[in-house]
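If you scroll down you'll find the structure; I have some questions about it.
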Amino acid sequence: MSDLTQTSASKRIDALLDENSFVEIGRLISARATDFNMTGQETPADGVLTGYGTIEGNLVYVYSQDAAVLGGSVGEMHAKKISALYGLAMKMGAPVIGLVDCAGLRLQEATDALNGFGQMYLEQTMASGVIPQITAVFGACGGGMAVSAALTDFTFMEEKKAKLFVNSPNALDGNYTAKCDTASAAFQSEQAGTVDYAGSEADIMEQIRTLISILPANNEDDMSYDECEDDLNRLCPDLAACGGDTGLALSMISDDAFFMELKSMYAPEMVTGFIRLNGTTVGCVANRTEVYTDGEKTASYEPVLTVNGCGKAADFVSFCDAFGIPLLTLVNVKGYKADKHTERKIAKAAGRLTYAFANASVPKVTVVTGQAFGTAQLSMASKSIGTDLVYAWPDAVIGMMDGTAAAKIMYAKEIEAAADSSALIAEKAAAYREKQSSALAAAKRGYVDDIIEAPETRKRAIAAFEMLFTKREGRPDKKHGTV
C-alpha cells in the first residue's frame with residue numbers, strides 16, 4: 001500500500017476486504033497540474049487509493065478517497081485512476097466498490113478535472129448491467145460525485161457524518177441545513193430514495209460484504225449460489241399471519257431466515273430485497289401493509305401502488321434481470337394511491353413498473369397473498385405480463401374490484417328499489433366474488449396456476465425456481481426499450 005497506510009481511506013479498505021488481500025494499483029501516481037501553485041502541493045496517490053482484493057474469497061475492485069489530500073477532491077489523475085480501475089474490473093468481470101469522501105471537483109484543475117469526471121461517467125455507464133457497482137459514502141459526496149453515486153447499483157451512507165448532495169442545503173432558495181438537511185443520510189434514504197442503507201461505518205462494511213457474497217460477479221459468470229442446509233420442504237406454519245408484513249414473511253420463506261432488504265426507509269409500502277432459496281439468490285418484490293417490531297404493530301400502509309413504490313420496485317427488477325437473478329413477487333394490492341400529488345406521476349410510474357416486470361426474462365414466480373384488484377395487480381408481475389408461474393393463497397381475491405363495490409355498481413337500480421338493500425348487496429356481492437374475484441375463479445381461467453396453502457409457499461417456490469432454472473426467453477430484436 002502507499003504511504004497513506006494510517007489514513008481513513010486505507011483503514012476503510014482494510015475493514016472491507018479479507019485480511020491482507022488488498023493489492024494497490026497506481027501507488028505512485030500524483031497530480032501533474034502546475035497552475036495555481038499546484039507545483040508545490042503534495043498529492044500522494046492523488047487522493048485516492050485504487051486496487052483489488054477479496055471479500056469472502058470473491059474478487060472485487062476498490063477505490064477509496066482520502067480527504068487528507070486536497071479534501072479528497074477529484075482531479076485529472078484521480079479520475080483517471082478510477083476509470084482505469086473500471087477498465088480492469090470489466091476485463092475480469094468483478095464488482096467495483098467506491099468508498100467516497102470527496103470535496104468535489106478540484107478547482108485548480110478545472111477542465112482537466114471535468115474531463116476526468118466525464119470519463120468516469122462513461123466507464124460507469126458501460127459497466128452498468130455488466131458488473132455490480134456499489135458506492136459507500138463516509139464524508140462529503142457532492143456535485144459530480146453525487147451523480148457518480150447515482151450511476152451505481154447500490155448506495156450506502158454513514159448515518160451521522162456523511163453528506164450526499166448535488167446542491168448543498170444552504171444553496172437552495174429558502175432552505176438552510178438546520179431547517180432541512182437535504183444532504184443528510186436521513187433525507188437521502190427516507191425521502192430521496194437515493195440510499196439503500198444508512199448506518200455506522202462498521203454496519204455499512206458488513207452490509208457490503210453480505211451483498212457481495214450473494215450477488216453474481218457479473219452478468220455472465222453467476223457466483224450467487226451456495227450450499228443450502230435448510231430443509232427444502234420446510235413448512236412455514238405462521239406465514240399466513242405475516243401476510244401484511246411481507247418483510248417478515250420473506251425472511252420466513254428464505255433459507256435460514258436470511259433477508260437483505262434494500263431501501264427499507266423509502267416507500268416502505270413496497271418491499272425490495274434478496275432472499276436465498278435452496279442456496280440461490282432470489283430478488284423479491286412485495287406489497288406491505290403492516291410492520292411488526294418485537295411482536296407489536298409499528299406501522300400500517302394502504303395496499304396500493306404509489307409513485308415512489310413503483311419506481312423503487314422497477315429499478316430493483318431491472319437490476320435483477322440484468323444479472324440473471326430470479327424474481328419472487330408477493331402481491332396484495334387493491335389499486336393506486338388516490339390524491340392530487342400522486343396523480344401527477346402515477347401513470348408513468350406504474351408504466352415503468354409494468355415494463356420492468358414484462359421486460360424481465362429471468363425466472364419469475366408470483367404469489368397472491370391477499371387482494372389483487374384492477375390494473376394495479378397486472379403491474380405486479382401478473383400472468384398477463386409474462387410471469388412464468390402464479391400461485392394464490394386460498395383466501396386471495398383476484399379480479400377487477402371488491403365484490404361489494406362491484407355489486408353496488410352493477411345492480412344500482414335493483415338495490416335502490418329493494419326493500420332490504422343490504423341483504424341484496426350481500427347476495428350479489430357473494431355471487432360476484434364466487435364467479436369473478438375468488439382465487440378459484442382466477443385459477444379456472446388460467447390466470448393462477450395453482451392455489452396453495454400459505455405454509456407451503458417456501459417449498460412450492462423452491463420447486464418452481466428449480467424447474468425454471470434453465471429458462472430461455474427471447475425478446476424482439478431492438479436496441480432498447482424507451483419506457
What pairs with Ser148 under side chain to side chain donor-acceptor pair (under 3.5 Å), at least two apart in sequence or on another chain?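 For Ser148 the side chain to side chain donor-acceptor pair (under 3.5 Å) partners, ignoring immediate neighbours, are Gln124.
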For the OG atom of Ser300 and the CG atom of Asp245, what is their distance to the nearest 0.5 Å?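 It is 10.0 Å, given to the nearest 0.5 Å.
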Are the side chains of Phe274 and Leu211 in touch, meaning some heavy atoms are under 4.5 Å apart?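 Contact flag for Phe274/Leu211 side chains = yes.
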According to salt bridge (Lys or Arg N to Asp or Glu O under 4.0 Å), who are the partners of Glu466, at least two apart in sequence or on a separate chain?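 Partners of Glu466 under the salt bridge (Lys or Arg N to Asp or Glu O under 4.0 Å) test: none.
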Indicate yes or no: at least one non-hydrogen side-chain atom of Ser189 is less than 4.5 angstrom from one of Met157.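 Ser189 does not reach Met157 side chain to side chain.
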Below 4.5 Å, heavy atoms only, C-beta onward: do Tyr301 and Val291 meet side chain to side chain?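 They are in side-chain contact.
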Decide salt bridge (charged side-chain N to carboxylate O under 4.0 Å, His left out) for Lys471 and Asp388; before the verdict, give the C-alpha distance in whole Å, the side-chain angles of both, and the deciding distance to 0.1 Å. CA-CA 10 Å; Lys471 175 186 175 182; Asp388 302 298; 2.8 Å; yes
Shortest non-hydrogen contact from Ser379 toward Phe357: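 Between these two residues, the closest heavy atoms are O-CD1, 3.2 Å.
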Using side-chain heavy atoms (C-beta onward) and a distance below 4.5 Å, is Thr210 in contact with Phe258?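 The answer is yes, as the side chains (C-beta and beyond) meet within the 4.5 Å cut-off.
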Is the closest basic N to carboxylate O distance between Glu158 and Arg12 below 4.0 Å?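 A salt bridge is absent here (no side-chain N lies under 4.0 Å from a carboxylate O).
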Any donor-acceptor pair under 3.5 Å from Ser83 side chain to Ala79 backbone: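 Indeed, once roles are kept as given, a pair shorter than 3.5 Å links the two residues.
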Got a donor-acceptor contact below 3.5 angstrom from the Arg209 side chain to the Leu16 backbone?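 Yes: the side chain of Arg209 pairs with the backbone of Leu16.
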Flag, side chain of Lys337 to backbone of Thr342, donor-acceptor distance under 3.5 Å: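 No, because the side chain of Lys337 does not come within donor-acceptor range (under 3.5 Å) of the backbone of Thr342.
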How far apart are the closest heavy atoms of Pro169 and Cys180, and which atoms are they?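 Distance-wise, the nearest heavy atoms are CB-O, 3.9 Å.
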Cut-off 3.5 Å, side chains only: do Thr369 and Asn332 have a donor facing an acceptor?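 Not at all, the side chains of Thr369 and Asn332 share no donor-acceptor pair under 3.5 Å.
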Measuring from atom CD1 of Ile131 to atom CG of Asn218, what distance do you get when rounded to the nearest 0.5 angstrom?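 Reported value, rounded in 0.5 Å steps: 8.5 Å.
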Give a yes-or-no answer on whether the side chains of Gln188 and Thr194 include a donor-acceptor pair shorter than 3.5 Å.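 Yes, because at least one side-chain N or O of Gln188 sits under 3.5 Å from a partner of the opposite role on Thr194.
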Taking everything shown except Phe465 itself, do over 12 heavy atoms lie less than 6.0 Å from its CZ?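 For Phe465, atom CZ is crowded (more than 12 foreign heavy atoms under 6.0 Å).
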Using a cut-off of 6.0 Å, state whether more than 12 heavy atoms not belonging to Met90 lie near its atom CE.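 More than 12 heavy atoms, drawn from other residues, nucleotides or ligands, come within 6.0 Å of this atom.
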Walk me through it: do Val74 and Gln65 pass the test side-chain contact (heavy atoms from CB on, under 4.5 Å)? CA-CA 9 Å; Val74 177; Gln65 293 173 319; 3.8 Å; yes
Show your working on side-chain contact (heavy atoms from CB on, under 4.5 Å) between Ile214 and Arg276 and close with a plain yes or no. CA-CA 8 Å; Ile214 64 172; Arg276 291 277 207 176; 3.6 Å; yes
Just by distance, do the side chain of Asp339 and the backbone of His341 share a donor-acceptor pair under 3.5 Å?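 Answer holds: yes.
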Below 4.5 Å, heavy atoms only, C-beta onward: do Leu114 and Leu105 meet side chain to side chain?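 Yes. Closest side-chain heavy atoms under 4.5 Å.
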For Thr375 and Leu378, indicate whether the former's side chain and the latter's backbone hold a donor-acceptor pair under 3.5 Å.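 It does not hold such a pair.
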More than 12 heavy atoms from other groups under 6.0 Å of NZ on Lys161: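 No, the 6.0 Å shell around NZ holds no more than 12 heavy atoms from other groups.
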How close do Leu49 and Ile13 get, heavy atom to heavy atom, and via which atoms?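 Looks like CB-CD1, 4.0 Å.
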No-hydrogen, no-angle side-chain donor-acceptor test under 3.5 Å, Thr50 and Tyr61: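 There is no such pair between these side chains.
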Taking the side chain as every heavy atom from C-beta outward, state whether Met380 and Leu353 have any pair of such atoms under 4.5 Å apart.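 Yes, close enough: below the 4.5 Å cut-off.
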Under 3.5 Å, is there a donor-acceptor pair between the side chain of Asp153 and the main chain of Gln133?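 Judged by distance alone, yes, a pair lies under 3.5 Å.
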Any side-chain heavy atom of Leu330 within less than 4.5 Å of one from Cys284?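 Leu330 vs Cys284: side chains apart.
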Taking 4.0 angstrom as the limit, do Arg458 and Asp255 come out as a salt bridge?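 A salt bridge is present here (some side-chain N lies under 4.0 Å from a carboxylate O).
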Could you please spell out the steps behind the side-chain contact (heavy atoms from CB on, under 4.5 Å) verdict for Lys364 and Leu468? CA-CA 8 Å; Lys364 294 175 285 189; Leu468 292 166; over 6 Å; no
Under 3.5 Å, is there a donor-acceptor pair between the side chain of Asn58 and the main chain of Ile55?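 A pair under 3.5 Å: yes.
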Looking only at heavy atoms, what is the nearest atom pair of Glu261 and Val271, with distance?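 Nearest pair, atom of Glu261 first, then Val271: OE2-CG1, 4.0 Å.
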Taking Asn170 as the fixed residue, which of Thr182, Thr177, Asp181 is the one that meets the side-chain hydrogen bond (donor to acceptor under 3.5 Å, both in side chains) rule?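 Checked Thr182, Thr177, Asp181 against Asn170; only one passes side-chain hydrogen bond (donor to acceptor under 3.5 Å, both in side chains): Thr177.
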For the student: nearest non-hydrogen atoms of Phe319 and Leu215, plus distance: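 Nearest pair, atom of Phe319 first, then Leu215: CE2-CD2, 3.9 Å.
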Look only at the side chain of Thr387 and the backbone of Ser382, and say whether a donor-acceptor pair between them is shorter than 3.5 Å.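 At least one qualifying donor-acceptor pair exists.
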Of all the heavy-atom pairs spanning Asn287 and Val331, show the shortest one and how long it is.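 Here Asn287 and Val331 meet closest at OD1-CA, 3.5 Å.
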For the pair Gln119 and Lys80, evaluate side-chain contact (heavy atoms from CB on, under 4.5 Å) and give the outcome as yes or no after the intermediate values. CA-CA 8 Å; Gln119 290 174 336; Lys80 284 187 175 181; 3.9 Å; yes
Check this for me, if you would: do Asp315 and Lys263 make a salt bridge, where the nitrogen-to-carboxylate-oxygen distance has to be below 4.0 angstrom?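 Here Asp315 does not pair with Lys263 in a salt bridge, since their nearest N and O are not under 4.0 Å apart.
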Counting N and O atoms only, with roles assigned by atom type, does the side chain of Lys312 sit under 3.5 Å from a partner on the main chain of Met270, one being a donor and the other an acceptor?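 Checked: pair present.
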